[in-house]
Amino acid sequence: MCPDSLCQILLVEDNPEDAEVTIRALKKQNVANNLVWVKDGAEALDFLFCTGDYARRDQCPQPRVVLLDLRLPKLDGLEVLERMRADERTRLTPVVILTSSTQDQDKVRSYQKGANSFVSKPVKFEEFARVVSQLGMYWVLVNKPLEA
Amino acid sequence: MAVSLAQNRYVTRVSARGGAPAAGVREPGSRLTIRRVFQSALLLLLLLVLSLLLVADRVRETQAAITAAAEWRFDSHQAAAELRDSGNQLTLMARLYANTGDRRYLGYFNDILEIRNGTAPRPPGYGREYWDLVMAGVVAHPSGGVPQSYVERLRKLGFAAEEFDLLREAQAQSDDLVDLERRAFAAMEGRFPARDGSLTRAGPPDPAEARRLLTGPEYLAAKAKVMGPIAEFARRVDRRTEALSRQLAERQAGQVALALVLAALAALVLVAKYAYSARFVLEPVRVLERQARAMASGDYSTRNDVTGGAELAVLARAMNLASGAIEADVAARERVRTALAEKEERFRATFEQAAVGIAHVDPTGRWLRVNNKLCEIVGYSRDELLARTFQDITHPEDLEKDLGLLRRVLAGEISGYAMEKRYFRKDGAQVWIGLTVSLVRDAAGAPKYFISVVEDISGRKRAEEELARSNRALRMITAVNEALLRADTPTRLMQEACDIVVVTGGYAMAWIAVRGAGDGALEPAAFAVREDGGAGGPDSTRTARLAALPPVRRALLGGGPQVTRLDDAHADRELRDLGVRHGFAACASLPLRVGASVTGVLTLYSVRADAFDAGELRVLSEMAADIGIGLGAMREHAEVVRVNQELTQAQAEVRALNAGLEARVRERTAQLENAVKDLEGFSYSVSHDLRAPLRAIDNYSGFLLDDYADSLDAEGRRLLTVVRDNTGRMSRLIDDILTFSRAGRRELALVSLDMAGLFREVFEELRASAGERKVELTVEALPPACADAASMRQVAANLLSNAIKFTRDRPVGNITVRGGSNGPEVSYAVADNGAGFDPRYTGKLFGVFQRLHGREFEGTGIGLAIVKRVIDKHGGRVWAQGALDRGAEFHFTLPRREPCSTEGENQHVPG
């Protein structure tokens, strides 16, 4: 885990097992050092907009990528995405939908609301590890973010 | 000026209608202008006069010099004479002394010398006579004055050096003379010359000796010697002063000549100026005057070709321009006048020959001018018409409207009007005309006259009336037909028909009589009369009587329509009386038929004798037929009403039933929609929630195998692997169920598909699952399909993966895809040489979770169910053929759709 202000990856995941698997896979790639894990949509927005528990977060920099589950308590993933895209601070922040769903309609709605990527969580352990590491590698190490 | 004007290049004659000026005319800027000439002449004159004044001044100066020279000459002569005179006076004084011994003369002698030498004052007016006057005692001597030596005087007079030389010579020559005089004076005093020559020898005074000395030849000779140079001096002075005078005179003569020349020049300039004026001003002015006079007398063709004198040339050109313009204007006016005359002629011709009547009418209505056609229309001669007003021949009913419009035109509210009205012809007949009136005003805007255009529209009016009548007839028949639909009883129908005939049809009276139920005699059924007809209300007795009239009977007996002129002598008497009483002129009786039999008669009366012509009768007959049909229909009406009531009741029952059904359908639909929603929610949950624990199981098993492999023995690892195998199967199962569920709900986006390409593509994607096994695909020519692309891909994938799976035990897997067209369908078949199936269970092949094979062939048992569902959804069929161990062949068909289209309601689903 990292200081909130240095966060590079924001993982929004209510299922602790999925979160653990994800973090574990990212750790193996050494990209989980600056990762923040929040468990519902409301907390995710608090973090991103520096409100509530995260009101004291310094300067409120945005993570390099948000890994966002769709089925979430309080606010679901699509609502979070919608709120992010409506706000100037997070309008361009990369968002990867990381979900159990393989439904077309989820995919369509995610893209319509401005998701940068849509990834179905594979059931198989090896695949899951591979997919998540690739995600971490790509968004944290390969992709060039917009300079703030 | 004697120069011929014709030959002069600057001034030329007036030429008659020459037009262009003579060639070689100088441009005005490059030659003398009158102004410049006059200015130059004036300047020249001024210079000449100035010169003349200067010369005159010189002449005056010269004259003064001449005068001065004359004075000087006089003075000079006087001076010369004085010298001579003083010599003579000295001689005289000396002799007087010698003769008289009076010493006074000696004093005079000495005074003369002293005055001459300037040692004694010179008396004023000193001259030749002075000493004479002194000796005569007239003048007292000495008489004052200023001393002035003779030489000094000469110098003042400006005597020349050689003249002084002469005087000095005379002086020198006078010594002898003076010596003699001294000896004479000494002799008078008793002194005589001594030996040494001095007068020192004393003796007695000897006046004789003195006289001898002064008068002797010696003295005369000496005197002559003196007088010689003096005379020369006088001559010289005379000559010199004369030369000066002559020179001055000559100069004066030259100056006078110059003055004369100048005066002559001035005169010449004046003359030249006059000549120029005459040639370049007066003559052109005369030319222009002649032109102006010509123009004044109406001759605009005259042109001048004046070119001399720039200003006049400008004026002359302006005159030419004016002439030209006026000439053009006159010509234009002439053309206009000619055109006007032609126009007038055309107008007259048009007016007279027009196919319509045209008239000019003064504001009071009197005809001012009428054309032939108008006379023709109204039947009056021209003179008769001109003696009348339009009011005289206008139909009284139309007059007020006409006059009203006329007043509005006069008031300026409208510029003209058009109306239709009637004139009375001379023969008393009335004629319909179309009148178009406009007003002509004079320049001040006061009304001059109306222009009326009169068109005989009697023919049109007749046509209109005919049209109106047929319109009326048609309206009548239409109204009767409407009444047929509206009326619910025969009585009402017949009454309405009568009313329509009178109100709409314009007939004076109408009645209908029908056969009674009993003896079949006519009974009155309906009656109508125009309000102003005066025929009184319905009168059944009279109608009954009328019904017995011959034309009515004839009509009743099938004789067709009967027309009777009431003014006809052959008409029934009663009918004639009716006509006379009410002003009816004709009547017609029309049979009313129901089916084949005549059941009644419609009789109509008209005020017009010619009302029932063939056309009208046709319409009326048709109307009568319609009424008959209506009456017939009435009889069946009751039956129809009854049937209708039954029908209506039945319909109401059906509607009630339908309403119940619809409510139930709506209810069911809502339930189904809810069920579908639940199902969707369920499958979504399956998709998301069922997978999560499965993923956890697999992942955590994976962690164990990864991180704790060393702590586990082989059996432990096997068990974990089994767990993980099953999570994989479960995952596939979930995917397939979701796919199956989606296959039924998916909206189809129908596009034209290359099926052969599709099968090949899918096969390439699946080939990997065959491992190293050899599987070959043969795709024959396939018809294109009109289907949803993603769904067809699913179908191809499921069929091909099945084929690959079930040919696993074959050394070489052979898969063949065939296809063909069959009427409204296209069909496809995927055949393999695999394990096949027991044909007894063919029916179960396409069921969900139905498997004909055990674990030896992995699979969820949903693949073929999905295929069936997709094909069903497309409206096609699917079936299988096969036998155990002899391969299987799966067929499906799709409806042919041309053109292939999604038809709007199907939404394309991405992915």
Side-chain angles (χ1 to χ4, degrees), chain A residues 11-29 32 39-41 67-73 76-78 97-115 117-133 135, chain B residues 677 679-707 709 720-721 723-743 745-749 788-791 793-794 907-911:
Chain A
L11 175 64
V12 189
E13 176 60 79
D14 62 325
N15 184 328
E17 286 88 15
D18 276 356
E20 189 182 346
V21 173
T22 304
I23 292 166
R24 189 187 153 96
L26 290 173
K27 266 189 182 157
K28 289 214 164 176
Q29 296 296 324
K39 296 176 189 59
D40 63 53
L67 302 178
L68 182 62
D69 195 6
L70 284 182
R71 295 260 284 197
L72 292 169
D76 75 20
L78 287 174
I97 302 296
L98 188 58
T99 176
S100 302
S101 172
T102 55
Q103 300 278 78
D104 280 343
Q105 62 185 36
D106 284 336
K107 212 186 308 180
V108 171
R109 282 158 66 193
S110 298
Y111 280 125
Q112 280 172 345
K113 289 185 191 302
S117 188
F118 186 95
V119 176
S120 288
K121 295 173 187 169
V123 170
K124 297 299 288 176
F125 164 66
E126 293 86 353
E127 281 177 51
F128 195 106
R130 180 173 53 79
V131 165
V132 170
S133 341
L135 273 181
Chain B
K677 271 186 196 149
L679 205 61
E680 281 172 5
F682 169 74
S683 62
Y684 190 83
S685 295
V686 168
S687 163
H688 196 275
D689 296 345
L690 249 53
R691 234 192 276 266
L694 203 58
R695 200 162 49 241
I697 295 168
D698 197 67
N699 277 294
Y700 282 82
S701 309
F703 294 166
L704 271 179
L705 284 170
D706 251 19
D707 299 350
L720 276 176
T721 308
V723 169
R724 296 198 54 222
D725 284 348
N726 278 282
T727 56
R729 286 193 60 225
M730 184 69 180
S731 176
R732 277 198 300 281
L733 204 52
I734 291 169
D735 286 344
D736 284 353
I737 289 172
L738 282 175
T739 306
F740 178 72
S741 144
R742 263 205 303 274
R745 284 181 291 125
R746 186 184 175 87
E747 300 280 4
L748 301 180
D788 180 73
S791 302
R793 183 169 285 271
Q794 183 85 52
Q907 275 192 330
H908 180 75
V909 178

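Each chain gets a letter, A, B and so on, in the order its sequence line appears, and its residues count up from 1.
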| message | Within the 4.5 Å heavy-atom criterion, are Asp706(B) and Phe125(A) side-chain neighbours or not? | response | yes
| field | Beyond-backbone contact of Asp18(A) with Arg695(B), side-chain heavy atoms, under 4.5 angstrom | value | yes
| Is Lys124(A) reaching over with its side chain to a backbone N or O of Arg724(B), donor-acceptor style, under 3.5 angstrom? | yes
| said: Under 4.5 Å from any heavy atom of chain B, what part of Asp69(A) do you find: side chain, backbone, both or neither? | reply: side chain
| task | With a 4.5 Å cut-off on heavy-atom pairs, point out which of Lys121(A), Glu20(A), Glu126(A) contacts chain B the most. | result | Lys121(A)
| request: Please name the pair of heavy atoms, one in Ser100(A) and one in Arg691(B), separated by the smallest distance, quoted to 0.1 Å. | output: O-NE, 2.9 Å
| query | Using non-hydrogen atoms only, which part of Phe703(B) is less than 4.5 Å away from chain A: side chain, backbone, both, or neither? | reply | both
| Considering all heavy atoms of both residues, which atom of Asn699(B) and which atom of Val123(A) are nearest to each other, and what is their separation? | ND2-O, 3.9 Å
